[in-house]
Structures are given as C-alpha cells and as structure tokens.
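Proteins come first, then strands; the chains are lettered A, B, ... in the order of their sequence lines, and each starts at number 1. Atoms considered below: every heavy atom in the structure, side chains included; atoms not considered: hydrogens, waters and symmetry mates.
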Amino acid sequence: MVHYWYNNKPAGVEPVALGLLKFGLRRTYPAKRHFPKAKELKRTYDVAIIGGGGHGLAAAYYLARDWGVTNVAVLDKGYLAGGNTARNTTIVRSNYLTPEGVRFYDESVRLFRDLAEEFDYNLMYSERGHFTLAHTDAALRTMRWRAEVNKHMGVNSELVLRDDVARMVPQLNMSEDVRYPILGALYHPPGAIARHDAVAWGYARGAADRGVEIHQLTEVTAIRPSPGGIELTTNRGTIHAGKVLQATAGMSSVVAKMAGFRLPIRTIPLQACVSLPMKPFLDAIIVSGSLHVYISQSARGELVMGGSTDPYQLYSTRSTLDFKEGLMMHMLELFPFLSEVRLLRQWAGMADMTPDFSPIMGLTPVENYYIDAGWGTYGFKATPVSGKRMAETVATGKVPDILAPFRLDRFSTFDLVGEKGAASVGH
Amino acid sequence: MTAMPRLAAPNGLLIDRNRPVSFTFEGREIQGFHGDTIASALLGADVKVLSRSFKYHRPRGPLTMAGQDANTLVQLPGEPNVLADRTPIRDGLVVKGQNYRGSLEDDRLMILDRFSRFMPVGFYYKTFFKPGLFGGGSWKFWEPKIRAMAGLGVVDLNHPHGYYDKQYLFHDVVVVGGGAAGMSAALKAAEAGADTLLVDENPVLGGALSYARFGPESDGGRSRMQALAARVAAEPRITVMTDASCQGWFADNWLPVIRGKRLYKIRAKAVVVATGSMEQPMVFRHNDLPGVMLGSAAQRLIRHYGVRPGSRAVVAAANSDAYGVALDLMEAGIDVAAIVDLRPEPGDDEVTKAALATGVTVIPGFTPWQTRPGFGMRSIVGVEIARITGEGRAEGEGHSIACDLLCMSTGYSPTAHLLYHSGARLEYDEATAMMAIRRLPDHVFACGSVNGVFDIAAVIQDGERAGWAAACDIGLDAGPEPAAPNRTGAEGQTHPWPIFSHPKGKDFVDFDEDLQVKDILNAMADGYDHVELVKRYSTVGMGPSQGRHSAITTMRLVAKAQGVSPALVGTTTSRPPYQPETFGHLAGRGFEPVRLTPMHHRHLEAGAQMMPAGLWLRPAYYGRKEDREKAIAAEALAVRQNVGIIDVSTLGGLEVRGPDAAEFLNRMYTFAYLKQPVGRARYVLMTDMSGVVTDDGVACRFSDQHFYVTATTSGAQAVYQHMLLMNAQWRLDVDVTNVTASYCGVNIAGPKSREVLARICSDVDLSAEAFPYMAVRTGTVAGIPARLLRVGFVGELGYEIHAPASCGEALWDALMEAGRDFGIRPFGVEAQRLLRLEKGHIIIGQDTDGLTNPVEAAMDWAISRNKPFFVGGRSIAMQEARGITRMLVGFELVDPKAPVPEECHLVVRDGIITGRVTSAVRSPTLGKVVGLAYVARDQSEIGSRFNIKIAGGRMIEAKVVPVPFYDPENKRQEL
C-alpha cells in the first residue's frame with residue numbers, strides 16, 4: 001500500500017451549494033476554483049481597476065453583471081483583498097449624519113442583506129444592533145441629530161437614554177463614578193458585522209465567473225493618458241485600458257499623483273486588535289466616540305476592537321503599543337470585567353481622511369480615469385454600494401445622483417458632506 | 001489525590017519539594033509543588049487531558065510545555081484562556097477545562113469530530129445561509145446555534161477589575177532571551193560598559209541549557225548554565241528580569257515586558273534578540289492526542305518539574321537532539337520502545353552514539369504513520385510506523401509499537417516574533433530547512449538559534465558577537481570583534497518534510513483550529529493560493545498560538561502544491577503581541593486626567609452637580625438631582641434680579657505679546673485688532689482654513705504689545721496649538737503663551753454685580769463712565785491682583801475677574817462674602833446656557849457644526865472686510881460669492897402651548913430637511929419658548945414661518961424673530 005503525501009485529486013466537479021452532506025459524501029474534494037489561476041496580462045482591456053480590495057472587486061462584479069463589461073482586469077500589488085478589506089473591523093451601518101450619507105449607506109446595507117444568496121457564499125452577515133454611546137451632552141445632541149436624520153430618511157435609529165442602554169446592554173458599566181458616565185446612545189438595530197474577507201471573495205468569484213481577470217502581485221508603476229484611454233505600466237508589463245477605476249484605499253493620494261492630480265486626503269494609520277476567542281457574551285456592537293472604543297464579538301468568539309486613528313499621518317501599517325494601551329484603558333471603563341481577558345493580535349490599516357469625512361467618488365480631472373477614494377474609516381460598509389454605483393459611473397460615463405454629492409470638486413466649491421459627527425470614533 | 005512520586009534532583013529544577021501546593025482541576029483536588037505550573041502539576045498527577053480543541057472538541061494535552069500551544073488553555077475564575085504550562089499553581093486555585101459540554105473527560109460535543117468530513121475548509125462560507133438539506137435552515141436560523149459553539153473560555157461579567165500598573169525603564173542594551181546566547185551577549189555588552197537588561201520568560205536563566213541535553217552526560221547543560229549564570233550574577237551592569245515576557249518590538253526599540261501584574265515599557269538603545277527556537281511538531285494521523293508531545297516538552301517535564309511524561313515512549317527523530325531526549329527518558333526510568341528515525345540512518349555525534357550504546361531500538365527510515373488512540377482518544381496506546389519511500393510518502397503494513405508517549409524531535413523554527421515586529425526579513429533556507437535571517441534593522445541584533453546557530457559552543461560565540469556588536473552600536477569601545485563560530489550546527493537539525501498525510505485525515509497542521517492537511521490543500525483548490533489567503537480562508541495560524549506550529553508546515557504544503565520553493569511562498573506576518581496579554585496589563589491603572597478648577601471644592605461644598613467639559617469638570621447646577629429644574633431656574637433668576645457668580649476658570653487664557661501681537665490676532669481671527677484701543681476688549685471669532693467657525697472669546701488689550709485672549713473651554717488647547725503652528729509659518733515677532741492653568745476666573749453677573757465688586761475692589765473706578773461695557777482694567781480684588789473684564793455672556797451687567805489660580809478660593813470666598821447682602825448665588829453651566837440663549841449668544845459647537853461659516857451663523861458683523869487676510873477669509877468670501885444656503889435664526893413657537901423642540905430636531909419643508917434646532921428653551925424670564933435654528937436661506941427673514949419635526953414625527957410651527965430675545969437694546973449689560 002502506497003500513501004501519497006496527499007491523495008485527494010481535484011475532480012473538477014460542479015460548485016457546491018446543497019449543504020454539508022455533499023462534502024461529506026463526496027470522495028474527492030469539490031475543486032472548482034473560486035477564481036482561476038493567474039494568467040498573462042492581455043495588451044488591452046475595456047476597463048482596468050487598480051486595487052483588488054473589496055471596492056475594486058465589487059466594481060468589477062457589477063460591471064460584468066449589470067453592464068456586460070467583462071473585458072476587465074483587476075490589478076493588485078499584493079494579494080486579493082489584502083489591504084484595508086482585510087484590516088477593518090467588519091461593521092456595517094447606515095446611521096450617518098447627512099441626508100446624502102444616510103441615503104448612500106442605506107443602499108449599501110440593503111445590498112449587503114442579499115449578497116450571500118446572490119453569491120451563493122455565506123458572508124455571515126449578522127445584524128446585532130449598534131450602540132454609539134454618548135458620554136457628554138454634546139455627544140447626546142449629535143446622537144439625536146443623527147437619529148432624527150436617520151428616521152426622516154427611513155433608517156432605523158433611535159436615541160436611547162441611560163436606563164434603556166442599561167437594560168439593552170447589561171454588560172456595560174453604567175456607574176456614574178467613572179470619568180465618562182454613559183448618558184445615552186444612538187441605537188441602530190440594523191447595525192451588523194460580516195465576514196469581511198468573504199465579502200471581497202464573493203465579489204471576486206462572481207466577477208471571475210463572468211470573465212473578469214484578477215491579477216494579484218501586479219503593481220501599477222505608471223499611469224499615462226493614451227489615445228482612447230489610459231496606459232498603465234505594471235511590474236508585469238504595460239496594458240491599455242479604455243477606462244480606469246482607481247480603488248486603492250490607503251494609497252489613494254499616491255496613485256492619484258501618478259495619474260496626475262491631487263487629492264485632499266491625509267493618510268493616517270488606523271489600528272485594531274482581536275482577543276482570544278471566548279464564549280459569546282456580547283451580541284451588540286458598542287462604539288464610544290468619547291472613549292475612542294469600538295467592540296463587537298465575532299462569530300469565532302473573538303472580541304474585535306478598534307480605537308481612534310493615530311495622531312499623525314503616515315503611509316505605514318505598523319502597530320504601536322500606545323494604541324492598545326489607550327484602547328484598553330477605556331475598554332475597561334466600559335467593561336471592567338474584561339481585565340483578565342487576553343489580546344491576541346493587533347494590526348493597522350491606512351485611512352484616507354478627507355476634510356469632510358466623506359468619500360470621493362466619480363470623475364477626475366483625467367479623462368477616462370475614475371476614482372473611488374477617501375474612505376477613511378468607513379470603506380468596508382460601503383463596499384457593495386460603491387462598487388455598484390462606481391460600475392454604473394464607469395460604464396455610462398455619468399455620475400448617478402446618489403454619488404453626485406461625493407464628487408471630487410466639492411472641495412473647491414464648498415459643497416461639503418460633513419460627516420465628522422457620524423464618524424464612529426475620534427480622528 | 002496525592003501526587004505521583006517525582007524524579008529525584010537534579011531533575012525538578014523549578015520545584016520546591018518542601019512546599020506542597022494543593023489546587024483543584026475540574027473539581028478534583030491535585031497536589032503539586034511550589035514552582036509547578038498547572039500543566040506540570042496535572043501531568044505529575046497523571047491528568048493528561050487539559051483541554052478540548054476549538055472545532056472538533058478532541059481531547060488535548062500539553063504539546064510544548066513552554067506556553068506556546070493552545071492545548072493547555074484552561075479556565076480560572078473570571079479568567080478565560082490561561083496557559084496552564086505558564087501559570088504557576090497556588091493553594092486553593094480553582095482550575096477548569098474549557099470548551100466542552102458535559103465534562104472535560106466526556107465532552108458530548110466530541111461528536112463533531114466524527115462529522116469533520118462534513119466540515120471541509122471554508123464550510124461556513126458554503127453552507128448555512130440558504131434553504132437546503134438542513135431543514136430549510138437559513139443563516140438567521142443557524143447563526144445563533146453556531147455562535148453558541150464559538151469561543152473557548154468563559155467571561156465572568158461580574159469579575160472585578162484587577163490591579164495592574166506600569167513602569168518605565170531605560171537601558172543601553174536589552175537582551176531578550178536568557179539562554180546561552182542571551183547570557184553571553186549580555187555579558188559581552190556589559191563588560192564593554194553597557195547598562196544591560198536581560199529578560200527571560202522562564203523562572204530561571206538558562207534557556208535550553210536548563211532542560212535539554214548537551215552531550216552524552218546528563219549534566220552537560222547544567223554545568224554550562226551554572227557557569228554562565230554565575231558570571232551574569234557577578235556582573236553589576238546586568239539587570240536580570242526573569243518570569244518576564246517581552247511582548248513585542250515597537251518602533252525605536254520600545255519594548256513592552258510583562259512580569260507579574262506590571263507592564264514595563266522599556267526603551268533600549270540596542271536590542272539583542274536571543275529568543276531561541278521552537279521545536280516543531282510532525283504531521284501524521286492523530287498527532288494531536290494527549291501523549292504526543294515535543295521532545296523538548298518531555299525534557300522540560302523531567303528537568304524542570306521532575307515529572308515523568310509517560311511510562312513507555314517512542315521517539316520520532318530527525319536530529320541528534322532526539323537521541324538526547326531518548327537518553328533523558330531512559331534516565332528518568334521511562335522505557336524507550338524505539339527511536340523512529342526519519343533519516344536513512346542516525347547521525348554520528350556523541351549524543352547519538354551514547355544513545356545507541358544503550359542498545360535502544362532504532363528504526364531508521366521510518367516515520368510515525370498514526371497513533372493508536374486510547375479510550376475516548378484521551379491518550380495514546382501505541383504508534384503505527386511506516387517506511388518512508390519519498391517526500392511525504394510512506395509504505396507499511398501497520399507495524400505497531402505500544403506506547404503512551406510519543407516524543408517528536410524532528411526540527412526547529414526560530415522564535416522570531418520580535419524580529420518580525422521590527423521589520424527584519426527572514427527567508428526559508430533550503431540547506432537548513434529553517435527560516436533564516438536575511439536582514440536586520442538598525443540597532444537590532446540576533447544570536448543563538450533564532451539566528452540559525454545551534455552548536456552550543458557556537459551559540460556562546462554568537463552571543464558574544466551580538467553583545468559586542470550591540471555595545472559598538474551604542475558607541476562603546478568593546479575591543480576587537482570576537483571570532484565568528486566556524487560551524488553553526490544548523491544543518492541536520494530540521495527535517496525538510498516531517499509531514500505524512502493520512503487518507504483518513506486527522507493529520508493536524510494546526511491544533512488550535514483543528515485543520516488537517518487536506519484543509520490547507522483544499523483552500524488552494526478553492527483558488528486561495530497565496531499563503532495569506534490560505535490563512536484567511538482556512539484560518540490556519542489565526543488561533544491562540546498564532547501559527548507557531550502551523551506556519552512552517554503551511555508554507556511547505558503551499559510550496560509543494562504550487563511546485564515552488566518554500567522560500568518563494570514565505571510565511572504569514574507575525575504581529576504583536578508575542579504571547580496573549582491581558583487587557584489589564586495594557587490598561588494599567590487607567591489614569592484618566594481630570595482638570596479641576598481652583599474653586600472645585602467650593603462647588604462641591606455648595607452641593608454642585610459636576611459635569612464634564614472637555615478635560616474639566618464644571619458645576620452643572622447647585623442642588624440635588626431631583627431638584628434640577630428648580631435649581632437652574634432659581635440660579636437664572638438670581639442673575640436676572642440680583643447677582644450670580646460662576647466659575648469660568650476653564651476658559652482658555654492665552655497671552656499674546658510682542659510688536660506684532662495685533663497683527664497676529666488680525667490674521668488668526670475674523671475681526672480687526674490693529675486699532676483696538678488699550679484697555680478695551682473685542683470679540684474674537686476663529687475660523688479654520690475652510691472658513692468653518694472653530695472658536696470664540698475676547699481679546700483684551702492691556703498694552704500696545706500685549707493681548708490677553710480667551711478661548712472656549714474645550715477649544716483652548718487646539719487654539720493654542722493652531723496659533724503656534726500658524727506663527728511657525730508667519731514668523732511674526734510675537735510670543736504666545738497658554739496661561740489657562742495659571743489663571744482662575746469668575747464671572748459675577750446681574751444688576752447688583754457692581755455693588756458687590758465695589759465692596760472689595762477699591763483701586764479701579766467701577767463707574768459706568770470710567771469702566772464701560774467691553775472695557776478691561778487691572779487692579780486688585782480683595783487684595784488679589786486681578787484682570788477685570790466688563791464682558792458678559794448672560795446679558796446682564798457683569799465682570800469677569802481673572803486672577804492667579806493660587807488665589808481662586810480666596811477670590812471666590814471674598815466675592816461670596818461681599819455679595820451675601822445682595823443675595824449672591826453661584827450658578828452653573830445649565831443656568832448660563834439658558835441665560836445666554838435668552839440673550840441670543842451662540843455656543844460654538846452647539847449652535848455651529850463642522851461646516852458652519854460665520855455668515856450662516858449670523859456672525860458676519862464679526863468679520864472685518866477691509867483687512868487683507870485672516871485664516872479662512874478667502875474661503876468665506878468664496879462661499880458668499882457662491883451663495884449662502886442656510887442661516888442661523890432666532891425663533892419662537894407659533895403655538896405657545898406647543899412642546900419645546902429638542903436640540904437637533906429637524907426643520908423640514910416638503911419632506912426635505914432644510915435645517916435643525918440647535919438650542920431651544922422655555923424661558924422663565926420671557927415666558928415663552930425661544931430657540932436658535934438653522935433654516936434655508938429663504939426661510940430666514942424675520943417673520944418667516946417654518947416647521948419643526950419633533951418627537952413622534954409631529955410637526956410644530958415656528959416663526960423667525962429677531963435676537964436677542966431678551967433686552968434687545970442691550971441696556972442691561974451696558975448699565
């Protein structure tokens with residue numbers, strides 16, 4: 001009897017959807033790849049998307065699905081969805097402050113709800129209820145503002161006061177003998193978490209199934225307008241694309257500079273961390289702007305936690321000690337019983353902050369070059385809507401109404417979409 | 001139950017046999033000794049199952065005995081996920097297992113192990129979310145069930161916040177790892193004059209010398225350890241920290257070290273990483289069961305704790321250390337049934353020869369193929385071996401050897417966590433089959449087996465070399481460079497392919513996550529080729545031990561599947577912390593600064609309810625909470641009718657001095673200051689570069705070149721920083737000093753305030769003519785030197801008195817005494833808000849938002865139109881040219897009986913939001929509801945009506961009225 005180091009040979013069978021039983025009863029692993037193996041770059045594409053994160057992949061997916069544009073290349077200098085898509089804290093919500101913002105993120109939430117079925121891929125989308133705590137009367141005022149705008153726009157949000165918070169989230173320390181007692185919260189029942197990687201993979205698979213090429217380890221090094229489109233130089237050769245979409249969170253200003261225009265963006269590290277897995281004890285998603293804390297418990301039982309952005313600009317994803325010291329000091333004010341719980345891993349992403357805390361989407365000064373940038377700390381939750389609407393923009397050349405407020409030139413015409421008050425944590 | 005007899009000294013280095021310790025595990029009393037860890041005491045008492053695995057609930061026992069695996073995670077009261085092989089026992093400690101239903105011994109969820117074939121890699125992604133075979137279950141149905149299965153330990157919601165603290169340390173050289181390499185490095189650096197800290201996570205220095213076998217004789221390690229440790233102890237420049245875990249490397253050699261309840265934060269000029277290497281497990285079927293452990297784990301049990309790890313052993317070997325393990329086992333009285341050597345033949349080193357000389361059975365060219373589980377898989381009863389016929393291939397007829405212990409000694413991987421954190425580059429080295437350092441950052445050095453040096457003499461030389469280099473790096477004269485070792489001994493330490501996948505699986509790559517070989521390969525088959533995607537899709541390396549034992553195997557499997565070198569694949573990134581660390585250590589004592597005004601205790605004595613205002617605490621009102629509304633009304637009434645006093649020490653105070661002081665203010669603020677007369681105050685309004693209102697206050701000109709500028713409580717620090725930043729660009733001849741903390745301030749306000757002040761201020765002419773509204777004076781109040789500002793926020797005659805902070809209580813007391821006959825009453829922030837709203841004064845941050853420009857806020861009177869520049873001026877002009885779209889207006893309710901709208905209730909027209917209420921109150925003085933609101937530009941004319949959407953979605957009508965609501969001719973404040 002000879003045993004090979006691995007004896008399951010790919011069988012090339014149909015993708016699986018029926019459930020666990022199928023896997024168990026099948027002798028060989030169902031091995032239709034979710035995405036094909038890397039190919040050579042072609043010389044020309046109708047559309048090239050710089051950035052293979054959630055947004056870029058979603059745009060590729062909707063280009064193919066909704067607009068029949070399938071001669072598309074998604075280029076990423078690293079691995080699939082390895083940037084901020086892999087580094088966020090997976091929260092989805094639409095309780096923003098401006099009507100423009102609420103409308104936009106609400107569409108995202110609606111898209112998220114149907115994605116799993118659409119992809120045939122479980123995103124573990126889980127509506128937990130989202131509480132943004134208010135510790136000062138100023139914060140309480142902002143929460144009421146958001147609640148009023150949300151309700152007016154048909155989004156489920158409510159200002160809840162101290163006693164209700166205590167009842168709904170009994171884990172919270174409601175003592176008044178702390179530095180920042182809890183006065184109330186903005187309660188947003190649809191607030192959800194999702195398996196962040198899976199969102200990107202689902203889009204990638206859906207796009208690849210429709211003919212989109214995904215090129216990992218492919219770095220764009222030069223961007224030049226050329227007749228009928230844009231020429232992109234990469235480490236794997238030069239390509240010509242009729243249209244280019246830039247979706248490179250964290251490096252947006254650097255890539256835009258390559259394309260020949262400037263963005264009003266400051267790039268600041270944003271850190272997060274995760275605990276060892278524990279039996280579930282916290283269903284709600286808790287955010288405190290005053291304490292610079294956000295926390296949820298994942299499907300694995302890990303606490304996923306973040307804080308405010310770092311105090312300085314930097315194009316780097318290194319971690320700091322200060323971040324977790326400050327975070328935990330505040331975390332224990334909210335949840336004193338966690339002092340013996342253990343942090344497992346920390347990491348950082350790069351947040352592209354705009355002056356008004358809203359993203360930049362749409363046209364650029366460069367013809368045939370479109371942008372999806374400025375995602376600060378809110379990019380993950382906008383993945384479906386930005387992908388869908390940017391695909392529409394690229395395919396038609398026209399900016400849909402829902403994106404119009406987020407145009408790049410709003411900064412020169414003072415048509416800002418002020419969302420600082422809705423940012424989950426301090427900046 | 002009583003402990004089993006331990007091995008005689010010198011085994012049991014860490015335990016004190018004269019100090020028995022008793023604790024419970026799963027309700028059963030266990031005896032151990034002082035110095036035992038929970039795991040060593042349990043094994044000493046023949047308890048083999050310490051935990052249940054994450055997914056399949058398989059029984060698990062210690063793998064490393066070094067705190068490096070998730071198999072030993074146990075539950076303490078209020079403390080989940082504790083490493084049993086790191087945590088010392090103490091009398092009365094209550095220890096439980098984790099992640100089981102029923103009991104740790106009989107976990108009902110172990111049924112999941114049988115269903116593992118139904119749970120392929122990524123199965124969560126593929127199932128549970130749509131109608132299907134499982135009873136029409138959707139994700140909403142399945143999620144709570146799956147969620148209930150998640151996690152390991154249990155959190156106690158009533159567990160009290162433990163005490164933790166922090167300490168800073170500074171050293172020339174910090175050496176992490178106190179083994180032969182680290183001690184040698186520390187000695188060399190210290191001898192060169194470096195103030196050196198030597199950190200080790202174990203209770204004693206020595207590293208592998210304390211438990212492994214060096215040479216044919218049993219005490220080869222101990223003698224070297226004692227010699228080095230004695231030199232370290234005698235070296236005054238070395239500080240030793242044992243039981244201390246260096247948790248990470250952060251920029252500029254910033255090292256967090258946890259010992260006991262303290263987090264040390266250490267800055268080092270140079271760091272020497274001497275953290276050694278981690279022995280790596282093999283992969284074969286049932287390689288995870290209790291009784292299967294690393295050779296080094298067995299050695300730690302013997303030498304550190306005097307515990308016999310089993311009674312009959314098989315050693316899986318691929319290096320000479322395995323033969324040392326066999327010798328150690330035999331000397332501990334354990335029957336070594338066989339050494340199964342993966343290599344074609346054993347080595348010819350002294351240790352191997354000594355082992356062979358014992359006549360032990362050696363089976364070269366074979367591998368463990370699977371272990372034979374005992375009852376309930378709670379132990380092993382034997383191992384089946386097979387002949388190796390190629391890389392990862394084996395052929396056999398199920399030749400079985402009975403044993404209850406299988407030691408794996410087939411290779412190492414550097415403990416390179418800190419190096420990865422520091423940005424060092426490591427690469428798989430084909431010659432040694434280990435990761436090797438290719439590049440180190442500045443001021444970071446490595447030595448010993450983390451640096452690929454294994455031969456003990458070479459390790460010591462390498463340590464001296466690193467210590468010398470660190471000393472030179474910080475500028476010390478450390479003498480000539482020590483000779484480099486001529487051989488590293490790294491070759492032949494690590495087998496390149498100790499992976500034998502079994503057709504029936506349960507060949508675990510990752511014990512934390514219960515991942516088998518096929519899971520890794522299937523992740524790639526699903527299209528997740530990149531090693532980072534393999535990790536994210538399969539979750540390999542994401543568990544509590546963070547890939548310590550799975551990363552290398554994963555890299556090999558990925559490389560092989562793709563037909564490339566492991567060097568090309570690499571491993572996933574190692575991120576801090578090195579070991580899981582408690583939130584309490586990171587939080588420390590939770591110091592949260594609070595700023596208190598000099599009169600703070602007077603407020604408390606007067607029964608004030610304090611509220612946070614930025615970093616400060618301020619009185620909200622004076623009185624009991626249940627009397628809140630009454631108290632606020634009474635305070636406001638006192639100000640309107642008699643006199644009130646409020647502590648305004650929290651306002652920012654900035655001294656602006658120099659020939660360019662007026663020019664500086666002219667640029668920083670919207671108003672004009674060049675011609676402001678000495679002795680006068682003028683309103684200041686600050687905008688940022690986009691024209692957004694950010695702060696306000698008053699500028700008091702005390703001389704031609706000296707302004708005293710106030711800022712809002714929460715804005716003061718930012719205003720100061722902004723001023724410094726701007727002046728760094730402008731380079732005006734001006735000096736800005738933040739004197740907020742140096743001054744206290746009180747505002748006495750009300751028609752009687754002049755009479756009160758006159759009683760204790762004789763050197764300033766307080767008459768309306770000599771000291772009019774918006775004038776400033778210096779003088780003394782109750783003998784205290786003071787700056788007097790005739791300004792007011794509340795719309796009554798009033799004075800702000802700014803005095804040295806040290807005189808705050810005296811000033812307060814003097815004013816209260818002087819005002820007693822006039823019915824003076826302290827008032828808080830709430831009454832002040834009411835009074836200022838009656839007067840129509842805005843509060844920056846409440847009546848403005850992140851986009852408000854001064855024109856919208858009806859503050860265009862505060863913009864100087866004929867000066868060339870101020871910050872934000874250009875933006876304001878552009879916005880005016882473009883057209884202002886909203887205005888802040890004063891309003892009253894059309895229906896006087898309508899409820900008071902709340903702040904931030906929306907102004908809605910035809911379903912479109914056109915603005916919002918920013919302030920609203922039912923004014924006792926005016927007898928009606930007044931407020932401020934943003935409305936559309938075409939709703940802002942006096943008399944315009946608009947709708948406010950209040951609670952419950954009801955609309956109420958309001959009309960625009962002029963401000964101030966109270967005393968529109970400003971007669972009262974100008975009395």
Side-chain angles (χ1 to χ4, degrees), chain A residues 2-3 5-8 10 18-21 23-24 29 31 33-35 79-80 82 99 116-117 121-122 126 136 141 144-145 148 152 171 179 197-198 276-281 300-301 319-321 324-325 328-329 331-332 336-347 414 416 418 420, chain B residues 78-81 117-118 120 124-130 132-134 143 147 150-157 159 161-162 250 254 256 392-395 501 503 518 521-522 525-527 530 532-533 536 544 575-576 580-584 586-587 590 592 612 850-851 879 903-906 913:
Chain A
V2 175
H3 301 299
W5 70 284
Y6 171 59
N7 70 348
N8 290 355
L18 277 179
L20 298 182
L21 202 54
F23 300 110
Y29 187 72
R33 293 174 59 94
H34 294 179
F35 344 99
Y79 57 96
L80 196 65
E117 196 133 354
Y121 202 101
N122 191 353
S126 175
T136 63
R141 210 157 35 231
R144 187 184 292 112
W145 186 4
E148 292 300 321
H152 190 76
Q171 299 90 340
R179 183 67 179 85
D197 292 326
L276 280 172
M278 286 158 296
K279 294 296 173 196
F281 66 93
R300 290 165 55 84
S319 302
T320 69
L321 178 61
K324 54 184 176 179
E325 290 184 275
M328 290 313 166
M329 184 173 83
M331 189 68 74
L332 293 186
F337 57 86
L338 291 180
S339 68
E340 262 71 41
V341 161
R342 285 165 164 79
L343 183 142
L344 177 62
R345 181 173 69 247
Q346 64 177 127
W347 66 90
F414 291 95
L416 303 186
K420 189 165 185 176
Chain B
E79 192 172 354
N81 302 325
R117 64 190 300 215
F118 300 112
Y124 282 112
Y125 302 127
K126 299 166 180 167
T127 47
F128 293 124
F129 64 94
K130 57 191 291 185
L133 281 171
F134 279 72
E143 193 205 351
R147 189 165 168 75
L152 293 172
V154 177
V155 174
D156 173 4
L157 301 184
H159 185 66
H161 188 328
F250 294 98
W254 185 228
R393 295 184 192 187
E395 176 180 316
S501 177
K518 67 177 181 195
L521 299 172
N522 289 346
D526 276 349
H530 193 286
E532 287 282 357
L533 292 177
R536 288 161 196 283
R575 302 187 192 281
E581 59 201 6
T582 69
F583 293 6
L586 295 168
E592 184 76 54
L851 295 179
Q879 289 173 76
E903 292 151 4
C904 295
H905 276 158
L906 300 178
I913 301 169

Contact origin within A:Phe281 toward chain B - heavy atom pairs under 4.5 Å: side chain
- request: Among the options B:Arg536, B:Gln879, B:Glu532, pick out the one with the most heavy-atom pairs lying under 4.5 Å from chain A.
  value: B:Arg536
message: I need the residue from A:Ser126, A:Gly82, A:Ala198 with the largest number of non-hydrogen atom pairs under 4.5 Å to chain B.
response: A:Ser126
query: Which region of B:Leu851, side chain (C-beta onward) or backbone (N, CA, C, O), has a non-hydrogen atom less than 4.5 Å from a non-hydrogen atom of chain A, or is it both or neither?
result: side chain
query: Is A:Phe35 close to B:Asp526 at the side-chain level, that is, under 4.5 Å between some pair of heavy atoms?
result: no
query: Could you state the interatomic distance from NE2 (A:His34) to CG (B:Leu533), rounded to the nearest 0.5 Å?
result: 12.0 Å
- request: Compare every heavy atom of B:Pro544 with every heavy atom of A:Leu344, then report the nearest pair and how far apart it is.
  value: CD1-O, 3.4 Å
message: Please give me the minimum heavy-atom distance between B:Leu906 and A:Trp145, naming the atom from each residue.
response: CD2-CD1, 4.2 Å
statement: In short, A:Lys279 meets B:Leu152 closest at the heavy-atom pair CE-O, 3.3 Å
query: Which pair of heavy atoms, one from B:His159 and one from A:Ser339, lies closest together, and at what distance?
result: CD2-OG, 4.4 Å
query: Any idea which of A:Leu416, A:Asp197, A:Leu321 has the most non-hydrogen atom pairs under 4.5 angstrom with chain B?
result: A:Leu321
- line: Most heavy-atom pairs under 4.5 Å with chain A, out of B:Pro580, B:Pro80, B:Gly584, belong to B:Pro580
Toward chain A, the part of B:Asp156 with a non-hydrogen atom under 4.5 Å: backbone
- request: Taking the side chain as every heavy atom from C-beta outward, state whether B:Val155 and A:Val341 have any atom pair closer than 4.5 Å.
  value: yes
- prompt: Which atom pair, heavy atoms only, marks the closest approach of A:Lys324 to B:Glu581?
  reply: NZ-OE2, 2.5 Å
field: Minimum heavy-atom distance A:Arg342-B:Asn81, with the two atoms named
entry: CD-O, 3.4 Å
field: Check: A:Arg144 side chain, B:Glu903 main-chain N or O, donor-acceptor pair, under 3.5 Å
entry: yes
task: Side chain from CB out, backbone as N, CA, C, O: work out which of these in B:His905 comes under 4.5 Å of a heavy atom of chain A, or both, or neither.
output: both
Max heavy-atom pair count under 4.5 Å with chain B, selected residue of A:Gln171, A:His152, A:Glu148: A:His152
A:Leu338 side, atom CG; B:Thr582 side, atom OG1 - distance, nearest 0.5 Å: 11.0 Å
message: Heavy-atom pairs under 4.5 Å with chain A - which of B:Gly850, B:Pro612, B:Gly162, B:Gly78 has more of them than the others?
response: B:Gly162
